[in-house]
Participant: 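First the structure, then my questions, so here it is.
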Protein chains: 6
Amino acid sequence: MTDSVTRPSERAANQMRDVKITRNYTCHAEGSVLVEFGNTKVICTASVDESVPRFLRGKNQGWVTAEYGMLPRSTGSRMNREAARGKQSGRTQEIQRLIGRSLRAAVDLEALGEHTIQIDCDVIQADGGTRTASITGACVALVDAIRWLQRERKIKGDPLKQMIASVSVGIYEGLPVLDLDYPEDSSAETDMNVVMTDQGGFIEVQGTAEGAPYSQDELLAMLELAKKGCQELFDIQQQALAE
Amino acid sequence: MTDSVTRPSERAANQMRDVKITRNYTCHAEGSVLVEFGNTKVICTASVDESVPRFLRGKNQGWVTAEYGMLPRSTGSRMNREAARGKQSGRTQEIQRLIGRSLRAAVDLEALGEHTIQIDCDVIQADGGTRTASITGACVALVDAIRWLQRERKIKGDPLKQMIASVSVGIYEGLPVLDLDYPEDSSAETDMNVVMTDQGGFIEVQGTAEGAPYSQDELLAMLELAKKGCQELFDIQQQALAE
Amino acid sequence: MTDSVTRPSERAANQMRDVKITRNYTCHAEGSVLVEFGNTKVICTASVDESVPRFLRGKNQGWVTAEYGMLPRSTGSRMNREAARGKQSGRTQEIQRLIGRSLRAAVDLEALGEHTIQIDCDVIQADGGTRTASITGACVALVDAIRWLQRERKIKGDPLKQMIASVSVGIYEGLPVLDLDYPEDSSAETDMNVVMTDQGGFIEVQGTAEGAPYSQDELLAMLELAKKGCQELFDIQQQALAE
Amino acid sequence: MTDSVTRPSERAANQMRDVKITRNYTCHAEGSVLVEFGNTKVICTASVDESVPRFLRGKNQGWVTAEYGMLPRSTGSRMNREAARGKQSGRTQEIQRLIGRSLRAAVDLEALGEHTIQIDCDVIQADGGTRTASITGACVALVDAIRWLQRERKIKGDPLKQMIASVSVGIYEGLPVLDLDYPEDSSAETDMNVVMTDQGGFIEVQGTAEGAPYSQDELLAMLELAKKGCQELFDIQQQALAE
Amino acid sequence: MTDSVTRPSERAANQMRDVKITRNYTCHAEGSVLVEFGNTKVICTASVDESVPRFLRGKNQGWVTAEYGMLPRSTGSRMNREAARGKQSGRTQEIQRLIGRSLRAAVDLEALGEHTIQIDCDVIQADGGTRTASITGACVALVDAIRWLQRERKIKGDPLKQMIASVSVGIYEGLPVLDLDYPEDSSAETDMNVVMTDQGGFIEVQGTAEGAPYSQDELLAMLELAKKGCQELFDIQQQALAE
Amino acid sequence: MTDSVTRPSERAANQMRDVKITRNYTCHAEGSVLVEFGNTKVICTASVDESVPRFLRGKNQGWVTAEYGMLPRSTGSRMNREAARGKQSGRTQEIQRLIGRSLRAAVDLEALGEHTIQIDCDVIQADGGTRTASITGACVALVDAIRWLQRERKIKGDPLKQMIASVSVGIYEGLPVLDLDYPEDSSAETDMNVVMTDQGGFIEVQGTAEGAPYSQDELLAMLELAKKGCQELFDIQQQALAE
């Protein structure tokens, strides 16, 4: 059956959307990136704070943490503003914990010294995959913040251990597909977010059956797609960083 | 003394920053505008909700309301995210009340029918004057939302009564100046925000002495500058709406 | 047309309500005043705290700040208690920011030394103009708190730079009028709050068109009324302080 | 030893402070009372709401509920404003639950019909016994609100079942004493609040050992004092209501 | 009439439910007790914190404080989870203040040194009397925590001054009864919680008329029952502590 | 190297802890289970609510949702009580979203009719794996709630589609291990939670590298362990349900 499946986006099963990474998108942050996965657009900034959270004081290491938000009308119908509601949703907290955890894997926290890099990912237009775009873009902003620390001679070595990228995969009408947009995500049976290192290791695999359970074969097919997608993302990150 | 005063921005006392208004900046909202006053950049969206707040139900009229936010690193040093702190600051609330009040002056609420237009102004880069840029840009987004209502035949007449624009003026080292950027705003003795209609009436005048009190002559000089600035803004709005 | 306009209060256009200032209204605060503008009654206390907020520590200067509240049944229909709702409204925050900003203009913060004067304005009966009554009464409480600091030999010089008073003006059925009570305020086209120094300078001018925009001539007429009103308030403050 | 004990207030052991009840203290509420127990001063208002809470809808009965607050500088050193902190303290909630429970004992809720009487007790000056003064004063405000309902012909019968009054008693240096002021309360070993009906029944007895436990004899001695105090309060309530 | 009254529980008027105290119920806390009053089951833990709250720093004394909670489905119909609602109810705060106050009466805070003992009482099944069971069980957990401090040689003397127990009494259809379960509590005219020391003194007496007021004779009858009940509880505590 | 690795628990790499499931643990809920994975103990209740959330009204289907909490001293050092802090942590929200999503996979929501089953998982003692124990125990409580609905003839068919169980796996010093306790979890390089159906499908796979990234071979080894563990859990669920 899956032979005849056509994705809503009409992309091939293993085809990413167009991905763009624009550095220096805003002027104040040490790292500032606009990342686009098709119509999904996220501003990722990396801000250097010359202190560390209380639980790390005096331990000769730094920290990387993240916050995530969506503009109220980044979505098809307007969402309530979290600042006005007075709290962040469970989804928001889940995503920002994932982003922070993923980016800490990119960094040697001891080499970072007693600095905190605060990542902010703010979605200005959403069309599926905002968390994977956020991680992929934020890693470039993180590199720019590290370079700033080096340029300002606030650190000596290079705390960047490896690049991190992330992509979503899923099962759409029985077909494993890469990089789901919003219409695909809404009707997929399974949705999996994968975070990888540029050496091919896994940082995070989160696969959720929305409808029917998925089999181990399906899981493996999705992992293959994710590897391909992340490889393309690492290339795009490198091109952006080379500019 | 004021003869020899040079503004930090090196602009003439009565000179605005470059102002740009880009329509259809994001794809989901009925009206979506990026407004730039120099380095100040604000995304203004107007979202149509086909209902009205409880206090207006059954009164055969519509409503216009606004919310305002800043991305955490839109500023020189990172601010805490209001959604994470769990409440909006007094400054935020003051600004969003001002934006809502100002835009309601543009609209015949009865002609709007039982619809709410929700304005969101989100600052992605700040360099002074975010509230005046927000009002000026949001008025264009509002027009697009009204046009959408007309196109969708949800309303019959034209609820737009007049255009609204806003600019800041101030006293910098004794010199009345137009459209203060952040360095000017920080060291100005007086800061005044003016909201006008395109027929020359005042909707809001808010003048605050930060240091020494200001005289009536100074107040009048600032009002003259504001009128000139708003006139330029009305032209830029019209050009944007004509595209 | 304005010739034949009669105010709901039947006062002359340029006539204030009866204003009373009672010092030492409650017994614990360093300054404690009951201020009455007609039926509007506000308890204003000034409390001395022998420390300063974190952002001023070590800067050899003091601080003046303000909070504002209304008893739930100070108004015609009962309002929800802000403490029970768990947050202060935008209106409350706007007013307390205005009061604090206005009173700081009365004080030489360096001469105040490392003390904070905390102003509390609590409305026990409301009939329009609560913010202007609060500022006018709080300035007298502030003077009492400063005198207490001097009497206790906690400061040497005199940090009082000037007296501050405030009054509302507006356009009622086309007629510029002074010191609006609640029925007048509810139906005025324009409402303007003015804060002045006893030397005739402006600290704050906030004029809002509720209905039609106002013209520059109307603005000037309102300013004239405000000057007259504030002059009367300065006299009443002096009489109270002389007792 | 107790023979030679002198109370800080120099009152006799069984002597109340001067108590005053002023009706119609503010102008908007259906019942509005200033109650003074010596230096303790509380504004008690009773507001009629022509609806009932959700849990009583359709049950043909009314409700009486209460809220309590203190002005920040009603006390010797300034307390934080609960509205600014964003929540009511445990003490505040405990007191307002006590006031509500006590006043419901005064009223036949079925005879009240589907109306809510909302009591607000706001302390403007505190010197011990604010909760007992609140209950005593609020009962008079409640009667005025009931009379208003009768005058407006919104109810037919008389829902007032009995008057309620309250006083504190305690053990000070071994001596049972009546109506403790703040210095006495702070150093008493035991503090007991008693709420009674004018027919001599108990509505609430809350006795707390602050230091050593108290004996049954001490408990009985305190109850005798409370009965005497409440009897005096019922007389003062009647005089106020007769004016 | 009271001769023929049968309690819903069919117990004699002066009969407690079966009471069990199980020590070491969970493994992490310094003191951990499951207390059962019939079907009411509460986990009471005592946690040692080697610091004191800010207001006690440097005063050479310790502190005992308590928190209380109910599992959402400890009750007949599910209650909202307080953590999800974002605040503790007034009832919860009232109960945890009572528990803390009662247990502080058991302890010589100076002999405790600069340690805090934090009590947590979490109701896993509720059938009336949760606060009295909590106090009775928590006192045993408190003793275990004190013994742990002694065993670890963190304190030298014995800060335990006396044992504390608590029971509820009430008037059910005119009959004074001991230890009310939920059906009895719901229909009792009067409910009284009594906290006593094992030397026979009163720490807290809180008697509330739910319907008709109660007389002094009824109060005395309830106190007699409470004394009998507490005596039994002291025996059960001692047996548990002897194991 | 992994040949010589010994787990802190001294269990074999593929050995679960002792697991016990006790039904009818508390008396009020329609389903109530105590689940123990070694020293981890969680009370899971399933409460039937005869309505559905607003977003499902009129859609002829039911809902399953979950909340999660930990008693403050369920852990080695006391955690702050979330109800007292006024909000649930990101971790708590993440876990309760996972539990709800997992259990919805067990149920045919249309066959459930317009009922909500509310799951509450409260950890009374924690030693690693609280979320997997919660899911495994809650599924049994869910079955009891469904049986109750059937017994009460509130639904006709059987909405239970399949059983759900969950276990954690990880990499400990290079060795893939099953069912990590707290000391193992704290020092594992990778931690993976797996939720499965009793037909062998995956509902959720969440694998996080805490230190080094993990390889695909490691991922597959962990999945094999998870399958074995879940199979054992399904047997234990069936035994419990057969009693």
Side-chain angles (χ1 to χ4, degrees), chain C residues 24-34 36 38-51 65-89 92-93 96 116-127 138 141 145 182, chain D residues 24-34 36 38-51 65-89 92-93 96 116-127 138 141 145 182:
Chain C
N24 303 317
Y25 186 67
T26 57
C27 68
H28 296 300
E30 285 74 27
S32 173
V33 158
L34 177 72
E36 300 171 70
N39 280 324
T40 289
K41 302 185 185 190
V42 187
I43 300 178
C44 308
T45 57
S47 300
V48 174
D49 180 352
E50 301 193 26
S51 69
T65 183
E67 288 182 357
Y68 169 93
M70 300 181 84
L71 296 201
R73 195 58 196 281
S74 58
T75 45
S77 59
R78 187 178 180 272
M79 300 184 312
N80 287 328
R81 185 178 291 265
E82 292 190 330
R85 284 197 313 140
K87 63 177 192 172
Q88 295 179 301
S89 70
T92 291
Q93 292 194 56
Q96 64 194 11
T116 297
I117 299 182
Q118 168 75 49
I119 302 295
D120 287 287
C121 296
D122 285 274
V123 178
I124 62 176
Q125 191 173 281
D127 185 33
Y182 182 74
Chain D
N24 303 318
Y25 186 67
T26 56
C27 68
H28 296 299
E30 286 74 26
S32 173
V33 158
L34 177 71
E36 301 172 70
N39 280 325
T40 289
K41 303 185 185 188
V42 186
I43 299 178
C44 307
T45 57
S47 299
V48 174
D49 180 353
E50 301 193 28
S51 70
T65 183
E67 288 183 357
Y68 168 93
M70 300 181 84
L71 297 201
R73 195 56 195 281
S74 59
T75 46
S77 59
R78 186 177 182 276
M79 299 184 312
N80 287 329
R81 185 178 291 266
E82 292 190 329
R85 285 197 313 141
K87 65 176 192 172
Q88 294 179 302
S89 71
T92 291
Q93 291 194 56
Q96 65 195 13
T116 296
I117 299 182
Q118 168 75 49
I119 302 294
D120 286 288
C121 297
D122 286 274
V123 178
I124 62 175
Q125 192 172 281
D127 186 33
Y182 182 73

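Every chain is numbered from 1, with letters handed out A, B, ... down the list of sequences.
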Participant: Specify which of C:Gln118, C:Lys87, C:Gln93 makes the most heavy-atom pairs with chain D at under 4.5 Å.
Facilitator: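 Among the listed options, the one with the most contacts to chain D is C:Gln118.
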
Participant: Between C:Gln96, C:Gln125, C:Arg85, C:Glu82, who has the most heavy-atom pairs with chain D when the cutoff is under 4.5 Å?
Facilitator: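 Ranked by contacts with chain D, first place is C:Gln125.
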
Participant: Over all heavy atoms of both residues, which pair between C:Thr75 and D:His28 is shortest? Give the atoms and the distance, please.
Facilitator: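 Scanning both residues completely, I find the closest heavy atoms to be O-CB, 3.3 Å.
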
Participant: Considering only heavy atoms, which portion of C:Ile124 lies under 4.5 Å from any heavy atom of chain D: side chain, backbone, both, or neither?
Facilitator: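 It is both, since atoms from each part get that close.
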
Participant: Name the region of C:Arg78, side chain, backbone, both or neither, that has any atom closer than 4.5 Å to a heavy atom of chain D.
Facilitator: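 The side chain, not the backbone.
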
Participant: Which atoms of C:Asp122 are under 4.5 Å from chain D, going by heavy atoms: the side chain, the backbone, both sets, or neither?
Facilitator: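 Contact with chain D involves the side chain of C:Asp122 alone.
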
Participant: Taking all non-hydrogen atoms of both residues, which atom of C:Ala84 and which atom of D:Glu67 are closest, and how far apart?
Facilitator: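 Answer, listing the atom of C:Ala84 first, then D:Glu67: CB-OE2, 3.8 Å.
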
Participant: To check you understand the geometry: which heavy-atom pair defines the closest contact between D:Asp120 and C:Arg81, and what is its length?
Facilitator: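 Heavy atoms of D:Asp120 and C:Arg81 come nearest at OD1-NH2, 2.7 Å.
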
Participant: Tell me which of these, C:Ala83, C:Pro72, C:Ser77, C:Ser47, has more heavy-atom pairs under 4.5 Å with chain D than the rest.
Facilitator: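 Max contact count across the listed options: C:Ala83.
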
Participant: Report the option among D:Leu71, D:Thr45, D:Asn39 that has the most heavy-atom pairs separated by less than 4.5 Å from atoms of chain C.
Facilitator: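 So the answer, after comparing D:Leu71, D:Thr45, D:Asn39, is D:Leu71.
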
Participant: In terms of heavy-atom proximity below 4.5 Å to chain D, should C:Ser74 be classed as side chain, backbone, both, or neither?
Facilitator: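 When you check distances to chain D, only backbone atoms of C:Ser74 fall under 4.5 Å.
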
Participant: If you look at every heavy atom in D:Ala46 and C:Arg73, which pair is closest and at what distance?
Facilitator: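 In terms of heavy atoms, the two residues are closest at O-NH1, 4.4 Å.
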
